[in-house]
Student: 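I have a structure I would like to understand better, so I am pasting it below and will then ask my questions one at a time.
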Amino acid sequence: MKKILALVLALCMMLCGVAVAETYTATVEGHNGNVTVEVAIEDGKITAVNVTEHSETTGISDKPIATIPAAIVENQSVAIDAVAGASVTSGAILSAVKDCIAQAGLNVADYEVAVEEKAVEVTDETLTADVVIIGAGGAGLAAAIEADKAGAKVIIVEKMAAAGGNTLLSGGYYNAVDPTRQQLSGVEDSVEQHIQQTYEGGDKVANLELVTKLCSEATENMLWLESLGMKFNMGITTATGAIWPRSHKAVEPNGEGYIHVLLDALEGTDVEILYETKATEILMNEGRACGIKAESANVNYTLEATKGVIIASGGFGSNIEMRQAYNTIWPTLDESVRSSNTIAATGDGIVMAQAVGANLVGMEYIQLHPLGNPETGNFLGAVSGDVETYLQVNLEGKRYIAEDSRRDELCKAALQQTDGLMWQLTSGESLAGEYSVMLGYGYKADSVEELAAQINIDPAVLVETLNTYNAGVDAGKDELGRGILTYKFDTAPYYATLRCVTVHHTMGGIEINTEAQVLDAEGNVIPALYAAGEVTGGIHGGNRLGGNALADAIVFGRTAGQNAANAK
């Protein structure tokens, strides 16, 4: 009846000479899944564009979803620039609108007219704060919360359109000794063991004092996150390369929960975040950091810092030239090796710090991850992130390393396999597996033989591989030395997804002490200059344990914020 009434109303409007807008819908694959767009067109004019459904990452996708539809309507063109850092989401919206234009029987080329760039007047502006922070990722936001709590006026500059950095794109695992959760899983642990495994897992080249601080304060900082509203699963798990079950998995996907609670904690404070504003220089006065230079599309900023400057701008995993210049370990880290990092991870803070005398340590230690998506470089489509519940086999269907090994060992072994590719497998009902299949990256079958046929592996080989592994679980001894033997691969459905190594974390960077103060080449503190998070070096040594990075960002981010606010 509603449809009939609508048709009658439309007919009446047409008879009365009133134009009627037609609505079209298109769905295009975005970064994390499908993006559905609805477009209203009236007499050849685009009158409305709305993104009605999507599963894109909150924060990263907010700006393109808000601004691109409006720009299309305003300019009557799909020749709109993608939003930096959200190019895939931007492209999905634009492609969907083109599809709708074609559905309307219109010529898409007529709507691809270049948008005339409006002249932008650039002004100079000087702002003053007690503490100026470069970067609004996990470390920067944690620092801002603490500095504000201490009574400091805080300004953050973030070169992207949204907060998050690599924290937002992380796997969401946080390592900390946690008797409550670990005892539920029958796991014994201690801060001393966490320190030892982190130090030895980094080949004993890290600063042991920094390692001790990280591991000793990880738990209290996890509890601090929970006090802000952070939600972790009740069970404990082992992140890839964590080598021990002390990883706390966030309830929200990836690192979204961390950024949400940190931003929520800043609501109602006087902390100011200048988005799409890039720091370009650290200002010094008689050897003391006193502010920064920064620039946005229309403002050149001088940001004066009366108490301190905190560098929390992340690593350099997306800077191909920089990672090639420092790489001495891997065969190559050129453009053929994708990255899981945000495009903002270009090492800006490291370069700026070095320019004012900061010492750099461990720059050659660049970590790869074995669960990268061959198409995107991120972890999209992985069927599991918990070592307990997955195996990896090469293109021939054979396991080649214990999956609970260190990340560097996992990646070195992976690079030795055919085409540097491998299949990640899991079995039993799996939300991650179903999501991988939905995205088009995963395969699902009711038997091992059927799965093998789908991924072009000899069924007899894959059956033998899994039978051998399962027999090792029963015997309590794996042929490849895997220690985590709590899960058998004998329950349908079975899932598989193709994986490759990807640049994941740069462990070298600015040298700091346990107070997050930046040091020069002689080991002296550079007054009023602090650093925290992936921009720093010396904490993880030659190999970072999976799950330690988020703890690092929060522990040292809070320390930097407290000390900067107190002008320590």
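Any value given below was found using the heavy atoms of this structure, including those in side chains, with hydrogens, waters and symmetry copies removed.
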Student: Name the orientation class of the two ring planes belonging to Tyr326 and Phe316 (parallel below 30°, tilted from 30 to 60°, perpendicular beyond 60°).
Tutor: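 Tyr326 and Phe316: tilted rings.
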Student: Is a side-chain donor-acceptor pair under 3.5 Å present for Glu388 with Thr237?
Tutor: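 On atom types as modelled, these side chains qualify, holding a pair under 3.5 Å.
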Student: Decide, yes or no, whether a salt bridge links Asp189 with Arg246 under the criterion of side-chain N to carboxylate O below 4.0 Å.
Tutor: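 Salt bridge between Asp189 and Arg246, a charged N being under 4.0 Å from a carboxylate O: yes.
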Student: Scan side-chain atoms only and decide if Asn548 and Thr198 contain a donor-acceptor pair under the 3.5 Å cut-off.
Tutor: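 Yes, side-chain donor-acceptor contact under 3.5 Å.
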Student: Rounded to the nearest 0.5 Å, how far apart are CG of Asn166 and OG1 of Thr506?
Tutor: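 Between Asn166 CG and Thr506 OG1, I get 8.0 Å after rounding to 0.5 Å.
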Student: Which atom names give the shortest non-hydrogen contact between Glu200 and Arg406, and what distance separates them?
Tutor: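 Nearest heavy atoms, Glu200 then Arg406: O-NH1, 3.6 Å.
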Student: May I ask you to check whether Tyr199 and His194 place their ring centers less than 6.0 Å from one another?
Tutor: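 No, the ring of Tyr199 stays outside the 6.0 Å limit from the ring of His194, centre to centre.
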Student: Looking only at non-hydrogen atoms, find the nearest pair between Ser170 and Asn254 and report the distance.
Tutor: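 Of all heavy-atom pairs spanning Ser170 and Asn254, the closest is O-CB, 3.0 Å.
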Student: Salt bridge or not for Lys231 and Glu252, using N-O below 4.0 Å?
Tutor: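 Looking at Glu252 together with Lys231, the answer is no, because their closest N to O distance does not fall below 4.0 Å.
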Student: Classify the side-chain pair Ser427/Lys488 by whether it contains a donor and acceptor separated by less than 3.5 Å.
Tutor: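 There is no such pair between these side chains.
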Student: Side chains of Thr426 and Thr389: any donor to acceptor distance under 3.5 Å?
Tutor: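 Short answer, no.
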Student: Stepwise, does the salt bridge (Lys or Arg N to Asp or Glu O under 4.0 Å) test hold for Asp478 with Arg399?
Tutor: CA-CA 11 Å; Asp478 179 58; Arg399 290 176 66 216; 2.8 Å; yes
Student: Is Lys159 salt-bridged to Asp348, going by a charged N under 4.0 Å from an acidic O?
Tutor: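 Yes, Lys159 and Asp348 are salt-bridged.
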Student: Just wondering, do Ile282 and Lys293 contact through their side chains at under 4.5 Å, heavy atoms?
Tutor: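 They are not in contact (no side-chain heavy atoms under 4.5 Å apart), so the answer is no.
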Student: Roughly how far, to the nearest 0.5 Å, is CE of Met422 from CD of Glu396?
Tutor: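 It is 11.5 Å, given to the nearest 0.5 Å.
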Student: Side-chain donor-acceptor pair under 3.5 Å between Asn341 and Ser318, yes or no?
Tutor: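 There is no such pair (donor and acceptor under 3.5 Å, judged by atom type) between the side chains of Asn341 and Ser318.
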Student: If you define the side chain from C-beta out and look only at heavy atoms, does anything of Tyr435 sit under 4.5 Å from Asn32?
Tutor: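 Tyr435 reaches Asn32 side chain to side chain.
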Student: So do the side chains of Pro370 and Thr240 get within less than 4.5 Å of each other, counting heavy atoms only?
Tutor: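 Yes - at least one pair of side-chain heavy atoms lies under 4.5 Å apart.
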Student: What pair of heavy atoms forms the shortest contact from Ser313 to Gly349, and how long is it?
Tutor: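 Looking at all heavy atoms of both residues, the closest pair is OG-CA, 3.2 Å.
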Student: I'd like to know if the side chain of Gln562 pairs up with that of Glu146 as donor and acceptor (distance under 3.5 Å, no hydrogens or angles considered).
Tutor: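 Distance-only check passes for Gln562 and Glu146.
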Student: Would Arg499 count as a cation-pi partner of Trp423, with NZ or CZ less than 6.0 Å from the six-membered ring centre and within 45° of the ring normal?
Tutor: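 Pair Arg499/Trp423 does not count as cation-pi.
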Student: Is the Tyr443-Tyr495 ring centre distance short of 6.0 angstrom?
Tutor: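 No, ring centres 6.0 Å or more apart.
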Student: Just how far is it from atom CD1 of Ile133 to atom CG of Leu141, taken to the nearest 0.5 Å?
Tutor: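 Result: 8.0 Å between the selected atoms.
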Student: Without hydrogens or angle criteria, can the side chains of Thr468 and Lys398 be said to hold a donor-acceptor pair below 3.5 Å?
Tutor: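 Their side chains do not contain a donor-acceptor pair, so the 3.5 Å distance test is not met.
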Student: Do we see a donor-acceptor contact under 3.5 Å between the side chains of Asp334 and Gln324?
Tutor: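 On atom types as modelled, these side chains do not qualify, holding no pair under 3.5 Å.
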Student: If we count only N and O atoms by modelled type, under 3.5 Å, do the side chains of His248 and Asn175 hold a donor and an acceptor together?
Tutor: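 Not at all, the side chains of His248 and Asn175 share no donor-acceptor pair under 3.5 Å.
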Student: Knowing that exactly one of Leu466, Thr465, Ile457, Asn467 qualifies, which makes a side chain to side chain contact (heavy atoms under 4.5 Å, CB included) with Val448?
Tutor: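 The side chain to side chain contact (heavy atoms under 4.5 Å, CB included) with Val448 is passed solely by Leu466 among Leu466, Thr465, Ile457, Asn467.
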Student: Do His505 and His369 have ring centroids that are under 6.0 Å from one another?
Tutor: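 No; His505 has its ring centre 6.0 Å or more from that of His369.
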Student: Going by distance alone, is a donor N or O of one side chain under 3.5 Å from an acceptor N or O of the other, for Gln182 and Asp178?
Tutor: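 On atom types as modelled, these side chains do not qualify, holding no pair under 3.5 Å.
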